[in-house]
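Note sheet for the following structure.
In what follows, chains carry the letters A, B, and so on, assigned in the order in which the sequence lines appear, proteins first and then strands, with residues in each chain numbered from 1.
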Amino acid sequence: MPLNAEAIAARLEETLGEQLVGKTVALNEVTIEVAPEDWVDVALRLRDESGLGFDTLIDLCGVDYSAYKEGAWEGARFAVVLHLLSVRKNHRVRVRAFCADDEMPMIASLVDVWPAANWFEREAFDLYGILFDGHPDLRRILTDYGFIGHPFRKDFPVSGHVEMRYDPELKRVVYEPVSIAPREVTPRIIREENYGETGRG
Amino acid sequence: MAEIRNYTLNFGPQHPAAHGVLRLVLELDGEVIERADPHIGLLHRGTEKLAETRTFLQSVPYMDRLDYMSMMMNEHAYCMAIERLLGVEVPIRAQYIRVMFDEITRIMNHLLWLGTHGLDIGAMTIFIYAFREREDLMDVYEAVTGARMHAAYYRPGGVYRDLPDSMPKYQPNRYKSAADCERLNAPRQGSLLDFVEDFTKRFPTCMDEYETLLTDNRIWKQRTVGIAVVDADRCKALGFTGPMLRGSGVAWDLRKMQPYAAYDKVDFEIPVGRTGDCYDRYLVRMEEMRQSNRIIAQCVDWLKKNPGPVITADHKVAPPSRESMKSNMEELIHHFKLFTEGMHVPEGEAYAAVEHSKGEFGVYLISDGANKPYRLKLRAPGFAHLAAMDEMARGLMIADVVAIIGTMDIVFGDIDR
């Protein structure tokens with residue numbers, strides 16, 4: 001059975017010391033937050049310290065916090081979230097770092113620490129426009145050749161900006177501005193606490 | 001001196017051996033691959049972004065369409081993430097049903113993999129054999145959900161409904177005679193569980209049949225032994241999970257190491273390979289099917305003896321029964337609210353992972369307390385595997401590329417999402 005979350009959190013605190021900006025233990029999962037400057041350094045220690053031994057990078061993704069809680073978010077807009085697994089020790093951790101600059105979010109690449117980071121970083125770049133400093137081949141990966149914009153940002157509409165069709169006269173595929181109007185079927189709602197409890201009128 | 005010419009070869013995206021829409025740009029030196037650059041994203045549908053605009057329940061069917069060869073397992077991870085945030089307890093019967101269907105799905109996936117992997121590297125018959133048994137499992141899917149593939153059967157809090165008491169039967173037509181129908185309908189006389197039980201008894205013999213076709217086949221071995229060897233440490237660094245990792249001798253299986261649902265209550269073993277080549281990965285997957293069959297048999301046995309609820313009684317998460325809805329005002333309101341506004345998942349984040357047929361499939365869910373996810377990240381095992389394509393193919397012959405694609409068990413639904 002895996003090590004319990006409190007024990008991993010204590011071990012992380014001991015190893016990382018000052019570099020640990022935040023730490024949360026919830027739902028039996030450990031989340032730590034580090035400063036973007038320490039990103040690679042922390043990654044190396046997570047991988048190499050014998051008590052931690054995170055040998056597998058499970059996932060790396062970008063998050064855009066700008067619309068969090070209907071815009072109540074204060075702080076940096078883009079975060080990079082890393083999910084690590086230690087196959088040897090059988091435990092997990094989630095590491096988060098907020099990119100300092102909202103206009104040009106940038107963080108160091110982890111390709112040299114875990115080669116698996118390569119495509120995950122390309123994906124985060126493609127979808128969120130987060131730049132990974134030191135990445136050997138930071139091309140788009142999921143979107144179309146010649147795509148403009150970063151589709152998973154909260155200010156990018158779900159229907160996109162352009163649509164594509166085959167033009168029989170030009171005998172090629174053409175791009176045009178989207179003709180469908182975005183619509184919301186079910187509105188997004190955050191209810192106040194204790195909503196729907198009995199005895200509240 | 002002979003003139004040496006280097007080629008750049010475009011493989012796919014419409015190639016029968018590319019398992020979907022993979023475009024590979026291969027740089028060749030004669031017949032030897034110097035660099036392989038996979039271009040993916042041709043099936044990118046933006047599932048994660050779409051999920052942000054739909055309620056939690058509305059996104060369940062999207063999960064089927066990720067890895068469309070192991071549909072219910074994707075749903076399982078998604079439902080587990082929601083359940084973890086909600087703190088909802090899943091009834092034990094639902095957990096056993098989930099385990100049973102996860103394993104049925106695993107066999108379905110591996111049978112497809114076996115058939116197509118064989119087809120890619122020159123073994124034709126195995127495809128027909130594998131699809132014969134796969135059809136029976138498709139019927140199980142259909143009997144319980146009405147859909148052969150895209151089931152939407154798992155729901156946050158349990159499963160949609162209990163297992164049916166009867167199996168649909170074949171009717172004679174111009175392609176199937178009455179005698180054929182009688183033979184095909186013989187195991188379908190009882191309930192769904194009876195049919196699955198009959199399947200688990202038949203299946204080991206079918207497995208032996210597949211093995212006689214391939215395991216000692218000289219051509220099969222020539223095409224797979226020693227191809228695309230990855231050692232255990234490199235596997236971990238490259239983020240491999242599932243049979244790709246076990247083929248290199250690492251006994252890592254989430255079902256054992258971090259058990260979820262009812263996996264800690266069933267008995268099975270984890271097969272591991274030794275050398276980490278395509279042949280070992282083939283052997284690992286073959287043995288996994290036998291182990292899955294064992295798990296299914298245990299689940300059938302348990303499910304026959306233990307009736308009970310299959311979905312949580314919390315009507316903020318799962319709908320009330322039609323009957324109570326029509327006689328009780330409060331239940332009617334619950335039903336209405338659940339299907340219009342949807343459930344509200346408490347603020348927080350969770351990562352739920354299942355041992356998918358291809359590796360670790362994870363769902364990372366961030367909720368800000370709304371009726372829709374704030375961010376949903378799907379961790380697809382095939383994504384990490386395909387990323388290692390360049391490394392695995394380098395220095396091999398062009399004919400080995402299809403063997404590598406086959407051994408990775410590539411399905412584009414989850415790589416492109």
Considering non-hydrogen atoms only, spot the tightest contact between [X] and [Y] and give its length.
X: R188(A); Y: P373(B); result: NH1-O, 3.6 Å
X: Y351(B); Y: R94(A); result: CB-NH1, 3.6 Å
X: E341(B); Y: T186(A); result: O-CG2, 4.3 Å
X: F152(A); Y: G46(B); result: CZ-CA, 4.1 Å
X: A116(A); Y: G239(B); result: CB-N, 3.8 Å
X: I190(A); Y: G369(B); result: CG2-O, 4.0 Å

Side chain, backbone, both or neither of [X] within contact of chain B (heavy atoms, under 4.5 Å):
X: T24(A); answer: neither
X: P151(A); answer: backbone
X: R96(A); answer: side chain
X: A67(A); answer: both

For this session: Would you give the length of the straight line joining atom NZ of K236(B) to atom CZ of R47(A), rounded to the nearest 0.5 angstrom?
Result: 12.5 Å
Problem set entry | Reported CD1-to-CH2 distance for the pair I40(B) and W119(A), which is rounded to 0.5 angstrom | 4.5 Å
Exercise. Do the non-hydrogen side-chain atoms of T53(B) and E184(A) ever get within less than 4.5 Å of each other?
Worked result: no
Exercise. Can you find a pair of side-chain heavy atoms, one from P115(A) and one from R234(B), that are under 4.5 Å apart?
Worked result: yes
Exercise. Restricting to pairs with a member in residues 49-58 of chain A, which pass side chain to side chain donor-acceptor pair (under 3.5 Å), not counting sequence neighbours?
Worked result: none
Mark yes or no for whether [X], through its side chain, and [Y], through its backbone, hold a donor-acceptor pair below 3.5 Å.
X: R375(B); Y: G62(A); result: yes
X: N371(B); Y: P187(A); result: yes
X: N90(A); Y: M257(B); result: yes
X: K69(A); Y: A370(B); result: no
X: R191(A); Y: H344(B); result: no

Problem set entry | Sorted by number, residues from residues 80-87 of chain B in contact with chain A (heavy atoms, under 4.5 Å) | R84(B), L85(B)
For this session: Determine the interplanar angle of the Y145(A) and H39(B) rings, folded into 0 to 90°, and report it as parallel if under 30°, tilted if 30 to 60°, perpendicular if over 60°.
Result: tilted
For this session: Determine the option with the most heavy-atom pairs under 4.5 angstrom with chain B, choosing from I58(A), T31(A), D144(A).
Result: I58(A)
Problem set entry | Contacts of residues 127-143 of chain A with chain B (heavy atom under 4.5 Å) | L127(A), Y128(A), R139(A), I141(A), L142(A)
Exercise. What parts of residues 79-88 of chain A touch chain B if we use heavy atoms and a cut-off under 4.5 Å?
Worked result: V81(A), H83(A), L85(A), S86(A), V87(A)
Exercise. Is the count of non-hydrogen atoms from other residues, nucleotides or ligands lying under 6.0 Å from R165(A) atom CZ greater than 12?
Worked result: yes
For this session: Quick one: which of A384(B), G342(B), P381(B), P38(B) has the most heavy-atom pairs under 4.5 Å with chain A, could you say?
Result: P38(B)
Seminar exercise, completed: Highest number of heavy-atom pairs under 4.5 Å with chain A among T340(B), L245(B), L238(B), L42(B) belongs to L238(B)
For this session: Tell me, please, whether Y374(B) has K154(A) positioned over its six-membered ring: NZ or CZ under 6.0 Å from the ring centre and within 45 degrees of its axis?
Result: yes
